Amino acid sequence: MRILHCLRAPVGGLFRHVLDLASEQAARGHDVGILADSNAADRLTGPNFAAIESAMKLGVARIPMGRQPGLGDWQAVRSVLQHARRLHLDVLHGHGAKGGAYARLAARSLKKQDQFVRAFYTPHGGSLNFKPGTLEGRAFLRIEGLLERHTDGLIFESAYAARLYRERVNPAGGPERVIPNGLRPEDFADFPANPDATDFLFIGELRPIKGIEFLLKALATLNAQRRVTATIVGSGPNEEELQQKSVALGLAPVVTFTGALPAREALKLGRIMVVPSLAESFPYVVLEAAAAGLPLISTSVGGIPEIVAGTDTGLIPPGDANALGAAMLDALTNPHAAAARATRLRENVSSKYTVAGMTTAVLDFYALTIG
């Protein structure tokens, strides 16, 4: 098959998903390409594209794609259409709200021009993270409903995302599959902590939905009782604000902000992973922490309960700094129990979530829909 993956921001877990899926599809003999925003980036974007480019027979291309809705979206759709038309695709797979919209609108136009490309869409949270009762939420979910008629297949990373989509967008739609994110064998290699590793570790985009302010509040409370340290890995729109908040809470001596780092490097910087998210779909950071054998403290949001299902790893409510602090203190004071839970979670994840299995399921769904 000839496959093009379309996404907006080549950062974070969504980008990792596309890289893993595209790379494995190419390794199985398919002609694959990637189309992404030319503006959004972090320090890992360039190296990640450089590492995969030689395997992408349909190339790696970047065009301007705005984060917020606007007139620029029409130009982006035209650019996606022009790029896709030249490639004579079998599959145009959109990722995230913007990538999904561009891919499906472009596929609609191509079908009218007798190029029978099939449009697939993976939300990765996206529009589903907006509250449905808000004006913004209603607008985005209405657009999702309109776009579904131009969708040949929906792929959800979690049963939670599939359920939320049907509740908020369309209770009965076209073909869909739940296909969780997967990990590579090298993700399960040992990642011994650095000698100067901090007590806690956060990895992710620095934006409100990740709940980092609650982590800082919990750290401030704990540091009133005993000295604890943390490393915050990532970049994003709230980076400066969070750094200022850390200083205001008196955490500057014990909290380090590193910017974005490769997962293998980041996982060595802390001994306990904290995921204080207010909303998620099926986050890679939870899978990566589990694969690395790090004790996990996470909120019970999105598909995270599906990841820990069948294990004794407990989850806490989102937006509760007191509950977060209590779980962090328990992990510090009972390290052997925390390590044992981490071992059991690692075994569970290794048996269920692989890039090979994820790719097989996606390709089978493509083939079924294409016929």
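This is a predicted model, so every value here is computed, not measured.
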- [ ] Please tell me if the side chains of Y160 and S281 come closer than 4.5 Å, counting only heavy atoms from C-beta onward.
- [x] no
- [ ] Decide if atom CD of E240 counts as having more than 12 heavy atoms of other residues, nucleotides or ligands within a radius under 6.0 Å.
- [x] no
TODO: Treat each ILVMFWY residue as a node, draw an edge where side-chain heavy atoms are under 4.5 Å apart, and state whether L105 and Y121 are in one component.
DONE: no
Task: Minimum side-chain heavy-atom gap L219-M328 below 4.5 Å - done: yes
Open item on the list: Using the rule given for side chain to side chain contact (heavy atoms under 4.5 Å, CB included), can you reason through I232 versus I212, listing the C-alpha separation, both sets of side-chain angles and the distance that settles it, and then say yes or no?
Closed with: CA-CA 9 Å; I232 295 177; I212 307 164; 4.0 Å; yes
Open item on the list: For a quick check under 3.5 Å, do S158 and R163 share a side-chain donor-acceptor pair by atom type?
Closed with: no
- [ ] Tell me yes or no: between the side chains of Q115 and R85, is some donor less than 3.5 Å from an acceptor?
- [x] no
Open item on the list: For K268, I'd like to know if atom NZ has over 12 heavy atoms of other residues, nucleotides or ligands within 6.0 Å.
Closed with: no
Open item on the list: Apply ring pair (Phe, Tyr, Trp, His ring centres under 6.0 Å) to residues Y353 and Y284 and explain how you reach the verdict.
Closed with: CA-CA 11 Å; Y353 305 115; Y284 270 102; over 10 Å; no
Task: is_close_aromatic(F120, F365), centroid dist under 6.0 Å - done: yes
TODO: Over 60° means perpendicular and under 30° means parallel, so classify the ring planes of F156 and Y165, tilted if in between.
DONE: tilted
Open item on the list: D152 and salt bridge (Lys or Arg N to Asp or Glu O under 4.0 Å): which single residue from K111, R108, R104 fits?
Closed with: K111
Task: D37 side chain near R67 side chain, heavy-atom distance below 4.5 Å - done: no
TODO: Go through the steps for F15 and H95 under the test ring pair (Phe, Tyr, Trp, His ring centres under 6.0 Å), then give the verdict.
DONE: CA-CA 9 Å; F15 188 33; H95 300 264; over 10 Å; no
Task: Cluster link L206 to I203, ILVMFWY, side chain under 4.5 Å - done: no
Task: Any V301 side-chain heavy atom under 4.5 Å of L315 side chain - done: no
Open item on the list: Within the 4.5 Å heavy-atom criterion, are D199 and V254 side-chain neighbours or not?
Closed with: no
Task: L7 with L92, same ILVMFWY side-chain cluster at under 4.5 Å - done: no
Open item on the list: Looking at R184, I'd like to know if its CZ atom is crowded, meaning that more than 12 non-hydrogen atoms belonging to other residues, nucleotides or ligands lie closer than 6.0 Å.
Closed with: yes
Open item on the list: Would you say that Q25 contacts H5 through its side chain, given a criterion of any heavy-atom pair below 4.5 Å between the two side chains?
Closed with: yes
Task: Derivation of the side chain to side chain contact (heavy atoms under 4.5 Å, CB included) call for L267 and L294 - done: CA-CA 8 Å; L267 288 167; L294 288 180; 3.9 Å; yes
Open item on the list: Test side chain to side chain contact (heavy atoms under 4.5 Å, CB included) on L215 and E213; report intermediate values, then the result.
Closed with: CA-CA 5 Å; L215 171 58; E213 66 172 294; over 6 Å; no
Open item on the list: Within the 4.5 Å heavy-atom criterion, are R271 and P335 side-chain neighbours or not?
Closed with: no
- [ ] State the NE2-CG distance between H83 and L81, to the nearest 0.5 angstrom.
- [x] 11.5 Å
TODO: Test L58 against every option in I3, L89, I34 by the side-chain contact (heavy atoms from CB on, under 4.5 Å) rule and name the one that passes.
DONE: L89
Open item on the list: By the definition salt bridge (Lys or Arg N to Asp or Glu O under 4.0 Å), identify the one residue from R264, R16, R346 that meets it with D187.
Closed with: R16
- [ ] Taking the side chain as every heavy atom from C-beta outward, state whether I297 and I272 have any pair of such atoms under 4.5 Å apart.
- [x] yes
- [ ] Drop me the distance from L147's CG to Y102's OH, to the nearest 0.5 angstrom.
- [x] 11.5 Å
